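These notes are about the structure you will find just below.
Computed from a prediction, not measured in an experiment: that's the story for all the values here.
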Amino acid sequence: MLQRIQTVWIFLAILGAVFLLITGQDFSLFRSVPFISIACVALILLQCISILSYKNRKRQIQLNTISVIINALLLGLLAYWLLTLSGGIDFPEKGIEPVFPLLSMICLLIANVYIRKDERLVKSVDRLR
């Protein structure tokens with residue numbers, strides 16, 4: 001059932017990863033390794049697999065938790081990168097990149113809440129049989 005509310009939240013998290021992939025091209029913490037691009041592609045793949053594994057809710061929760069951890073690492077790296085950039089504290093000057101992993105994390109955590117609700121509902125219906 002792809003029309004569940006958690007699918008919408010996971011899709012919003014995918015959009016956050018796509019926007020980070022688009023805007024994070026100037027990230028240069030590791031000179032030769034495009035770390036942001038690799039992490040964003042991994043996030044997009046994990047979240048697409050999570051959407052398609054709607055029948056296995058435990059795997060969906062695990063994939064979302066792994067995505068939250070990757071987003072937290074990205075958020076930490078981007079915050080470190082912004083703190084080491086030269087220039088002032090002006091927001092438009094430094095970039096909006098750390099907002100996208102934060103929004104993705106929030107969306108994935110909300111999706112996990114709804115997945116757990118579905119899991120409890122299925123267990124309660126199984127008890128009635």
Side-chain angles (χ1 to χ4, degrees):
M1 292 192 346
L2 291 175
Q3 67 270 19
R4 300 181 305 169
I5 187 70
Q6 53 264 34
T7 306
V8 173
W9 288 108
I10 296 171
F11 182 72
L12 290 174
I14 289 174
L15 286 178
V18 168
F19 289 149
L20 180 63
L21 181 65
I22 292 169
T23 62
Q25 298 300 321
D26 58 346
F27 180 79
S28 63
L29 191 60
F30 307 114
R31 300 230 183 260
S32 62
V33 179
F35 185 74
I36 293 290
S37 300
I38 293 170
C40 286
V41 169
L43 280 172
I44 292 168
L45 289 176
L46 275 175
Q47 292 165 3
C48 285
I49 292 170
S50 176
I51 285 178
L52 294 176
S53 65
Y54 56 89
K55 291 182 182 179
N56 193 348
R57 286 173 296 281
K58 289 181 183 179
R59 182 184 334 155
Q60 205 172 23
I61 290 173
Q62 288 175 346
L63 290 172
N64 287 348
T65 305
I66 291 169
S67 296
V68 166
I69 292 170
I70 293 172
N71 275 318
L73 292 173
L74 277 175
L75 184 64
L77 278 174
L78 288 168
Y80 175 75
W81 175 64
L82 285 178
L83 290 174
T84 58
L85 277 178
S86 61
I89 303 178
D90 297 332
F91 190 70
E93 185 177 316
K94 289 222 175 178
I96 194 168
E97 289 91 1
V99 172
F100 297 126
L102 183 65
L103 290 176
S104 291
M105 285 172 44
I106 292 170
C107 290
L108 288 170
L109 291 173
I110 293 172
N112 277 348
V113 168
Y114 283 110
I115 293 168
R116 286 188 182 102
K117 267 188 188 177
D118 278 356
E119 187 67 29
R120 283 192 304 252
L121 180 67
V122 168
K123 285 182 181 180
S124 70
V125 170
D126 284 343
R127 278 183 262 166
L128 292 176
R129 287 187 204 174

List the atom pairs, with distances to 0.1 Å, where a side-chain N or O of residues 113-121 and a protein N or O form a donor-acceptor pair under 3.5 Å, not counting sequence neighbours.
| unit_1 | atom_1 | unit_2 | atom_2 | d |
| --- | --- | --- | --- | --- |
| D118 | OD2 | R4 | NH1 | 3.3 |
| D118 | OD2 | Q6 | NE2 | 2.6 |
| E119 | OE1 | R57 | NE | 2.7 |

For residues 37-45, please give each side-chain donor-acceptor pair under 3.5 Å, one per line with the distance, not counting sequence neighbours.
none

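Residue pairs meeting the side chain to side chain donor-acceptor pair (under 3.5 Å) criterion with at least one partner in residues 63-72, sequence neighbours excluded, are S50-N64, N64-N112.
Side-chain atoms of L15 and L12, non-hydrogen and from C-beta on, do get closer than 4.5 Å to each other. Under the 4.5 Å side-chain criterion, counting only non-hydrogen atoms from C-beta, L77 is not in contact with I36. Residues F100 and T23 are in side-chain contact: their nearest non-hydrogen atoms beyond the backbone lie under 4.5 Å apart.
The minimum heavy-atom distance between I10 and Q60, with the atom names listed, is CD1-NE2, 4.0 Å.
In this structure, L109 is a member of the same hydrophobic cluster as I14, with clusters built from ILVMFWY side-chain heavy atoms closer than 4.5 Å. Cluster membership check: L73 does not share its hydrophobic cluster with L75, using side-chain heavy-atom separations under 4.5 Å among Ile, Leu, Val, Met, Phe, Trp and Tyr.
For the side chain to side chain contact (heavy atoms under 4.5 Å, CB included) test, residues two or more places apart in sequence or in another chain that qualify with I49 are L63. Residues that satisfy the side chain to side chain contact (heavy atoms under 4.5 Å, CB included) test with I66, not counting sequence neighbours, are L46, I70.
Taken to the nearest 0.5 Å, the OG atom of S104 stands 9.0 Å off from the CG atom of L74.
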